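Keep in mind the model is a prediction, meaning the values are calculated, not measured. Just so you know, these numbers use all the heavy atoms, side chains as well, and skip hydrogens, waters and symmetry mates. Letters go in sequence order (proteins before strands), and every chain restarts at 1.
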Amino acid sequence: MPATSAPQHLFATMLSRVSAVAAPLVGANVDLSRVVVEPPRDASHGDMATNAAMVLAKDAGKKPRDLAEAIAAALRADPVIAKVDVAGPGFINLTLKTHVWGEALRAVLEQGADYGRSTMGAKEKVNVEYVSANPTGPMHVGHGRGAVFGDALANLLAFAGYDVTREYYVNDAGAQVDVLARSAFLRYREALGENIGTMPEGLYPGDYLVPVGAALMASHGAALGKKPESEWLPIVRAKAIAMMMDTIRDDLAALHVRHDVFFSERSLIEGKSDQVTATIKSLQASGEVYEGRLPPPKGGNLEDWEDREQTLFRSTALGDDVDRPLKKSDGSYTYFASDIAYHKSKFERGFRNMIDVWGADHGGYIKRMQAAVKAVSGGKAELDVKLVQLVRLLRAGEPVKMSKRSGEFVTLREVVDEVGKDAVRFDMLYRKNDAVLDFDLVKVIEKTRENPVFYVQYGHARGQSIFRNARVEIPGLPLDGPARAAAFKTAALNRLGDEGELSLLRKLALYPRLVEAAAGAHEPHRVAFYLYELASEFHAQWTKGNDLPHLRFIIQNDPETTMARLALVQGIVTILASGLALLGVEAPDEMR
RNA sequence: GCGCCGGUAGCUCAGCUGGAUAGAGCACCAGACUUCGAAUCUGGGGGUCAGGGGUUCGAAUCCCUUCCGGCGCGCCA
């Protein structure tokens with residue numbers, strides 16, 4: 001690797017240099033994969049640290065400190081490294097020459113919105129399935145969390161170089177949509193003037209089906225009511241599902257959540273062939289489906305337990321706890337059966353990487369689904385299931401009452417309309433997916449540091465504000481982002497020397513590494529935390545200028561320093577916008 | 001009873017896939033506005049990483065175990 005190569009990804013570049021230096025010292029057969037180059041926890045240790053000596057010592061047959069000294073000696077010849085220290089048990093601490101950080105900023109300026117984009121995914125196809133809410137009613141806040149998480153994860157994977165398909169599995173088959181149809185049919189009779197009283201137990205009571213009833217009356221008049229259920233049910237069901245999905249799509253659009261594919265469960269059965277039956281037959285042929293008996297469930301109620309021979313999937317052979325039934329006692333398929341066929345379809349459409357985003361209450365379902373994916377793909381596909389935990393809706397610290405029975409509950413749409421999609425998205429992503437989330441309708445719109453959405457967006461707006469003001473000192477400064485970035489090409493970046501400025505440069509250089517780590521772990525929340533930290537350092541540097549005017553970004557009668565610092569601000573603003581885009585949150589130019 | 005996910009500062013949470021003296025915000029205390037946006041910033045106190053064992057150069061992180069909380073446990077999706 002040429003010593004002068006632009007630091008596209010400073011940490012990756014340095015890792016390959018360390019590996020190149022270490023390889024001849026430890027012998028050819030030693031595995032270098034555990035070697036990492038990372039920012040040290042304590043900045044006083046230098047710019048980067050590597051564990052190479054400690055990880056390789058055993059295989060190389062050397063003491064960690066001795067190996068570290070040998071590697072360090074070789075690294076001292078590297079033209080971009082200013083200082084190499086060996087510390088503690090064998091850490092090698094690297095301090096880079098300061099011009100390297102300027103070059104990192106130059107990479108940000110040149111690549112703009114593409115800075116941080118990675119090729120790690122190698123255009124591999126990934127299917128991310130999220131939301132998949134039943135089309136039986138409006139989405140609640142919990143669905144929203146899965147939606148936002150899946151959408152941001154898909155953005156992140158695409159940015160990391162994967163070929164991403166965003167998918168929604170529409171549960172338009174099975175008993176629940178028949179219940180939906182019967183509920184809608186009552187609304188239809190109501191629309192015709194009949195008094196239906198209260199909704200019978202077991203049907204959906206919410207008034208969101210009233211428009212479905214009205215639409216049915218408009219298109220069919222009174223004709224449907226004269227038909228037997230076997231005739232009106234498919235008609236009413238199709239209409240109700242279509243209208244529910246329209247609502248869901250609208251609500252997702254309001255959250256800026258999008259999908260490429262809406263995959264119909266019914267299409268598995270009613271398409272050109274019955275894919276559920278076909279899937280089970282092929283699994284029977286391979287011995288993974290058999291007829292047998294199951295031990296009674298532990299801890300559950302045993303009253304309606306009936307020991308019988310049934311069609312079972314041998315998921316225990318692939319890591320599950322018990323084998324799983326594929327047919328109900330009435331002979332129809334279980335949900336799991338069609339879900340196997342669905343994931344088989346994903347595999348047949350070319351996906352070897354599948355990610356499903358589910359609510360935490362489906363956690364018990366993971367092992368069997370992973371077993372199923374192994375079975376239908378011959379072990380070639382992998383399924384990662386991300387569970388999103390509960391959302392507790394609060395208003396100023398007080399729980400918001402949600403009653404299911406009355407059909408009155410706070411919908412996702414109501415929340416989005418009240419606080420805005422940016423607040424919903426950022427707040428839900430500013431937490432690990434598997435941690436319970438308290439969502440406070442009052443706190444998320446507060447304009448204080450306590451509120452991370454605002455804090456990060458304000459950082460972006462403040463940066464833009466600097467550019468507006470800078471036009472006094474730098475009259476020709478373009479307002480348009482890319483044009484402005486180009487104007488900084490010739491900036492004297494060696495003017496950046498304050499510790500705060502250098503720290504910001506290091507932070508910017510970290511972004512590509514962060515993107516890859518977050519994408520690899522399927523953890524978009526890391527982006528949100530990074531942005532918060534970047535904004536925090538930026539705000540701090542800003543305020544330094546209050547006490548120390550020579551550290552302000554705009555210096556009167558010193559266009560050279562001003563341009564260098566504006567270039568830094570450009571880098572910050574670029575990455576704030578980039579990260580916010582990954583999260584699906586706006587980066588406003590002002591927030592007055 | 002079994003499985004999954006959690007337990008980190010008074011509170012809400014991070015902790016970069018095993019690294020160096022465990023970090024933020026809130027709250028509390030003390031400070032900075034004739035400012036390029038104070039909707040911001042600076043400093044301070046605060047910890048048995050639930051408890052105990054193990055793996056190794058090194059553990060909040062991996063394994064075992066106990067305790068506590070949430071979720072799930074044919075024929076609902």
Side-chain contact, heavy-atom cut-off 4.5 Å: A:F488 with A:L566?
yes
Less than 4.5 Å apart, any side-chain heavy atom of A:P135 and any of A:V170?
yes
Within 45° of the ring axis of [Y] and under 6.0 Å from its six-membered ring centre, is that where the NZ or CZ of [X] lies?
| X | Y | answer |
| --- | --- | --- |
| A:R462 | A:F538 | no |
| A:R513 | A:F11 | yes |
| A:R392 | A:F439 | no |

Check each residue of residues 329-340 of chain A for a non-hydrogen atom within less than 4.0 Å of any atom in RNA chain B, then write out the ones that pass by number, or none.
A:S329, A:Y335
Would you jot down, in residue-number order, the residues of residues 452-463 of chain A having a non-hydrogen atom under 4.0 Å from RNA chain B?
A:F454, A:Y455, A:Y458, A:A461, A:R462
Just checking [X]: base, sugar-phosphate only, or nothing, at a heavy-atom cut-off of under 4.0 Å?
| X | answer |
| --- | --- |
| A:K367 | sugar-phosphate |
| A:Q389 | nothing |
| A:K327 | nothing |
| A:S465 | base |

Tell me whether A:W542 and B:C36 count as stacked here, given that the ring centres must be under 5.5 Å apart and the planes must differ by less than 30 degrees.
yes
Whole angstroms only, please: what is the NZ-C1' distance between A:K544 and B:U40?
15 Å
Table of protein N/O atoms under 3.5 Å from nucleotides 13-22 of chain B N/O atoms:
from	atom 1	to	atom 2	distance (Å)
B:C13	OP1	A:V436	O	3.3
B:A14	OP1	A:K432	N	2.9
B:G15	OP1	A:H525	NE2	2.9
B:C16	O2	A:R513	NH1	3.0
B:A20	OP1	A:R41	NH1	3.1
B:A20	OP2	A:R41	NE	3.1
B:A20	OP2	A:R41	NH1	2.5
B:A20	OP2	A:R41	NH2	3.2
B:A20	N6	A:N93	OD1	2.5
B:A20	N1	A:N93	OD1	3.1
B:A20	N1	A:N93	ND2	3.0

Taking all non-hydrogen atoms of both residues, which atom of A:L15 and which atom of A:V35 are closest, and how far apart?
CD1-O, 3.5 Å
